[in-house]
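This report refers to the structure that appears directly beneath it.
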Amino acid sequence: MYRAVPAQVDLPALEHEVLRMWDEEDVFAASVAQSQGRPTWVFYEGPPTANGAPGTHHVEARVFKDVFPRYRTMKGYFVPRQAGWDCHGLPVELAVEKELGFSGKGDIEAYGVAEFNARCRASVLRHVDEFEAMTRRMGYWVDLDRAYWTMDKDYVQSVWWSLKQIFDKGLLVQDHRVAPYCPRCGTGLSDHELAQGYETVVDPSVYVRFPVDPASVLAQEFPGLALLVWTTTPWTLVSNTAVAVKPDAEYAIVRTADDEALVVAAELVEPLFDGTATVVRTLAGANLERLGYVRPFDYVEIPDAHYVILADYVTTDDGTGLVHQAPAFGADDLVSCRSYGLPVINPIRPDGHFLDDVAVVGGMFFKKADETLVDDLQQRGLLFRHQAYEHAYPHCWRCHTPLMYYAQPSWYIRTTAIKDQLLEQNEQTNWFPETIKWGRYGDWLTNNVDWALSRNRYWGTPLPIWRCDADHLVAVGSLEELSERAGSDVTALDPHRPYVDDVTFSCPDCGETMTRVPEVIDGWYDSGAMPFAALGYPRSNADTFATQYPADFICEAIDQTRGWFYTLMAVGTLVFDQSSYRNVVCLGHILDEDGRKMSKHLGNILAPIPLMDEHGADALRWFMLASGSPWQARRVGHSAIADVVRKTLLTYWNTVSFQSLYARTAGWQPADGAPPPAERPVIDRWVLSEANRLALEVDRSLAAFDTQRAGRLLSAFVDDLSNWYVRRSRRRFWDGDPSALATLHESLRIVTLCLAPFTPFITERVWQDLFRPTDPQAPVSVHLASWPEPVTELLDEELGGQMALVRRLVELGRAARATSGVRTRQPLGRALVSAAGWGALPADLRQQVADEINVASVESLSEDAAALVDVTVKANFRSLGARFGKQTPLVAAAIAAAPGISLVSELRSTGAAAVTVAEIGDVSLGDDDVVITETPREGWAVATDGGESLALDLHIDEELRLAGVARELVRTLQEGRKAAGLDVTDRIEVRWSSDDHDVIAALAAHGAMIATEVLALRLEQGQAAEGAFEPASDLPVRLALTRASGR
RNA sequence: GGGCCUAUAGCUCAGUUUGGUUAGAGCGCUUCCCUGAUAAGGAAGAGGUCGGUGGUUCAAGUCCACCUAGGCCCA
């Protein structure tokens, strides 16, 4: 027997009950356990950074990470799901610095690295708790108990092992390069970190005169000649070392309106001077080589410098075509200046401030110096032009300090050496949406630069490289190996700073003492290493790893293209020559209701747990999966979520509640059996066909990672089931018809299983209420059940098409009712239909149309009342266009001009008809070439759509009028029942009194029908009994009803 | 400056791969209907130059080019 399912439901409360049930029965563990030994479908959880509270965007990704593993598990796969937490890195350090009120590395050193890192560890633990709560609440099934933590000792050692592999391949190297550098954090940033931190700022855009050496030939010829140099970083002018020009570009010496001589690229004369300057000489860039000039500032010593050099990277697209060179602060500058043997002078400290002994700007923060320097140039008459320049400038993605490009030694992974391999791996990867593969991600790989791996920080995986004074290097792959080298057991050591820094050993080459290099590594490497590090491979779990690499599925938001998607592929390819994943779903961002990014600053953050406690986790999940395109940025708000709840989840619930109510009332249960489907009414066969097709199509959609299509199919089916099947079949449910009950039971079983991965809570509850109590074989949870196997014999495409026609005709009937003003409650005698396929419709389906629009009979228009009919024939362009191309309009015009009735009768009798078309002659037309619309003329209400028409005979005779009155009486009594608070199964007794002829006659003619309809045991003329309820009526009648004793 | 994505009803979005002549749904609004699931359901109406311009085609929301706006990414 089903459990009683109330019509009203509190989804969040239901979900908390289900969560309790999952806990008590340990359902997730059971699901994993029961699928052990099946083919593995590998999913990797991208570890969220355990820093700060989780947001709604975390829910989005986690919904998608949940639905596919659930689906695959139902399809018979073993889907291991290990949770993971990204523990290391700058974000955590910054949070702790803030907590402690620190303002830089000096504070940390003073505080003590050991204590600082202990704080970082504690901070991670704190935030993981919040993530776990959110994960549980939303029903994301992932193994939290065996989660990997990137700070775990085993994890760190796996990372070490992989770095040793890379080191041994010669791909991990130290180099002195100009790299983006955060002066506040005191460390360089990798390219993918850089990508996350561009901010729009206004910088000075200055054009500066660099006077040409007066002794030079050119200056002799053009006294006062100056190079015009453009820069947006005036602070680097202090370090000016050279000016670069493009060797093969044409340069011009111009004379300005103020009679000044300047050198700029010829192409830029017009944009720069707007016709106010005249070109007095042109020469190739190569001819300017080694031309000396006077530098703008002489605050620091830069020997043997300050002349024009040649560099191919210079462009003449913007600026002046002469590029100021400060080799300590520009990657290109460094390369170009090195080739001339120019010195690299850096007057800025690692904390971003000028050295104290620099004149004028000493001790100043680099960006702050801009204004002072520009003023100074102005006063000395060197400033040619000064504008505000708005552009995107890289900032530290965490602390928002403007970055410097800064020359410093760093460790790099030479990913450029494996670029082709990465591109090849990308070829073999399926991206959803596909455009990412060739677009955003492909571009990124194509422009790959070496991975700046090291960080001059504290809380991270220590770079496992030891070095001696002779610069010999050793990479260490584990604590065991370290113990061996150190000659003492350090396997119990925390492999973090500062402990690991204290371990030294003697150099195998020269015997000198080796100490660890001071750097830690980019936290993104940690997460990229998770496929093996999460298992502690190769120190443990080697066989598991063999079956769980690479992943079949990963999923994150689009910002991970340069983040995890990249590092995962790169580390996999570096270490195993193979990318770590095959299918990747790439989600769009979540926006607020107004389309703005969610941020603390705007105060438009939707905290996930309160959101789920208001609408339900299922609601939020369904919204994420089915509403709008997952790849696109989407707006989330309360009303949007409430909407999907009402539309789909509550409709589903109501159908379940309906089934429970009538099955219980009839004392029916699934085991009681029902006629085989083939012997059930056609509407049952239809809905079973649709349900089985649903299982097939949702399966297909999920296999293609298309939750949106799956969601559409599910919503449409729920709507069909509730608003067509149940509504059309209600009467049979009241009667406890086993066919109907069995059909709805089976349909609900299929849709419940298909919905289970999407909305695991409500489906679990339905499983517990309808399916588990009625089937001893049923698993204890819907999530232990298999995907519904479609019964192909039940699929009936023709029936699907026929039912669609029925529903279109019903809509036409309703439209005709509406235009005629004759309410549906008033029975009518007949309706006439003109539609292709009507003739082939089974009688049952024709009856559905008649019932739904309340007419006694529905007949074919073409067989009847031919004289009453207007026929119009229109061209079907789709078929004619293919045949006639350019001449299609001529044929269409000929069809429109032809006499409709004869054309149609010719078509109907012979299957073909001919029209005469100017310029072509006789053209033969088939059924497909025309759209025939037939409409009756007088006394009918007609509705037409897409070539199909339905006409209502509006003539109402005495009999129909009385039937209408009877229906009205039924309705009044039903409303009375409801108003009196009766149960739908209560029996009643009715007394009536009236002087009205129609009422009396209707009761006489239809009394038995009325009594049956309203469950009246007695229907008698007479005065209201004591305590009777008297419903208000629009008819001239007094009615009184009382509850009858007994059934 | 370059790349990618997006632009369809008041709002949220389908439809564009495969071109077909009245462009759909939901929400909201108005009117009506139905009601033994009822804080449901149905019908009708109002509301659209399918971002703009040009092109290809018998035919363009759909294909092509350019432009505009917004978003994301890169420099």
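Side-chain atoms are counted along with the backbone in the values below, which use heavy atoms only and exclude waters and symmetry mates. Within every chain, numbering begins at 1; the chains are lettered A, B, ... in the order of the sequence lines, protein sequences first and strands thereafter.
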Let's see if you can work this out: which of [options] has an atom nearest to the side-chain heavy atoms of [X]?
| X | options | value |
| --- | --- | --- |
| A/Q8 | B/rG36, B/rG41, B/rA39 | B/rA39 |
| A/R562 | B/rA14, B/rA37, B/rC73 | B/rC73 |
| A/R878 | B/rG20, B/rG36, B/rG41 | B/rG20 |
| A/Q974 | B/rG36, B/rA14, B/rG41 | B/rG36 |

So [X], base contact, sugar-phosphate only, or nothing? Heavy-atom distance under 4.0 Å.
| X | result |
| --- | --- |
| A/T446 | nothing |
| A/T655 | base |
| A/R977 | nothing |
| A/V726 | base |
| A/R967 | sugar-phosphate |
| A/F884 | nothing |
| A/L880 | nothing |

Please report, rounded to the nearest Å, how far the [atom2] atom of [N] is from the [atom1] atom of [X].
| X | N | atom1 | atom2 | answer |
| --- | --- | --- | --- | --- |
| A/W444 | B/rC72 | CH2 | C1' | 15 Å |
| A/N876 | B/rU22 | CG | P | 13 Å |
| A/R808 | B/rA43 | CZ | P | 14 Å |
| A/E975 | B/rA37 | CD | P | 13 Å |
| A/K437 | B/rC73 | NZ | P | 23 Å |
| A/N654 | B/rG41 | CG | P | 9 Å |

| Under-3.5 Å donor-acceptor pair between A/S722 side chain and B/rA40 base | no
In a table with atom names and distances, give each donor-acceptor pair under 3.5 Å that connects a side chain of residues 1009-1017 of chain A to protein atoms at least two apart or in another chain.
from    : atom 1 : to      : atom 2 : distance (Å)
A/T1012 : OG1    : A/A1008 : O      : 2.8
A/E1013 : OE1    : A/R731  : NH1    : 3.4
A/E1013 : OE1    : A/R731  : NH2    : 3.0
A/E1013 : OE2    : A/R731  : NH1    : 2.2
A/E1013 : OE2    : A/R731  : NH2    : 3.3

| task | Check side chain to side chain contact (heavy atoms under 4.5 Å, CB included) between A/T429 and all other residues, then give those that pass, not counting sequence neighbours. | result | A/N426, A/W431, A/M569, A/Y581, A/R582, A/V584
| request: Using side chain to side chain contact (heavy atoms under 4.5 Å, CB included) as the criterion, list what pairs up with A/S660, not counting sequence neighbours. | output: A/Y2, A/V5, A/R664, A/L770
| remark: Walking RNA chain B from its 5' end, the first of A/Q708 and A/W724 to be reached, judged by nearest nucleotide, is A/Q708
| query | If each of A/F623 and A/V970 is mapped to the nucleotide of RNA chain B with the nearest heavy atom, which maps nearer the 5' terminus, i.e. the 5' end? | reply | A/F623
Tell me, please, which residues at least two apart from [X] pass side-chain hydrogen bond (donor to acceptor under 3.5 Å, both in side chains).
| X | result |
| --- | --- |
| A/S722 | none |
| A/Q974 | none |
| A/S701 | A/R709 |
| A/S205 | A/W230 |

| task | Look at the rings of A/W451 and A/Y566 and say which category their plane angle falls in: under 30° parallel, 30 to 60° tilted, over 60° perpendicular. | result |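 Answer is tilted, since the angle falls between 30° and 60°.
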Residues [X] and [Y] bridged, charged N to O under 4.0 Å:
| X | Y | value |
| --- | --- | --- |
| A/K437 | A/E434 | no |
| A/R727 | A/E852 | yes |
| A/R728 | A/D851 | yes |
| A/R807 | A/D720 | yes |

Which atoms of nucleotides 57-62 of chain B (N or O only) lie under 3.5 Å from a protein N or O atom, and what are those distances?
from   : atom 1 : to     : atom 2 : distance (Å)
B/rC58 : O4'    : A/K886 : O      : 3.4
B/rC58 : N1     : A/G885 : O      : 3.2

Would you measure the distance from the [atom1] atom in [N] across to the matching atom in [M] and give it in whole Å?
| N | M | atom1 | answer |
| --- | --- | --- | --- |
| B/rA60 | B/rC33 | P | 43 Å |
| B/rA59 | B/rU16 | C1' | 16 Å |
| B/rC66 | B/rG3 | P | 10 Å |
| B/rU68 | B/rA75 | C1' | 23 Å |
| B/rU22 | B/rC64 | C1' | 28 Å |
| B/rC63 | B/rA44 | P | 31 Å |
| B/rU62 | B/rG10 | C1' | 26 Å |
| B/rG19 | B/rU57 | C1' | 9 Å |

| query | Under the ring pair (Phe, Tyr, Trp, His ring centres under 6.0 Å) test, which residues partner A/W653, sequence neighbours left out? | reply |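 Not a single residue meets the ring pair (Phe, Tyr, Trp, His ring centres under 6.0 Å) criterion with A/W653.
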| said: Once ring pair (Phe, Tyr, Trp, His ring centres under 6.0 Å) is applied, do any residues pair with A/F705, and if so which ones, sequence neighbours excluded? | reply: A/F68, A/F432, A/F553
Produce the list of close N/O pairs, under 3.5 Å, pairing protein atoms with atoms of nucleotides 1-8 of chain B; give distances to one decimal.
from  : atom 1 : to     : atom 2 : distance (Å)
B/rG3 : O2'    : A/D443 : OD2    : 3.1

| message | Under 3.5 Å for both pairing distances: what stems, at least three Watson-Crick or G-U pairs long, include RNA chain B? | response | B:1-7 with B:68-74, B:10-13 with B:24-27, B:29-33 with B:41-45, B:51-55 with B:63-67
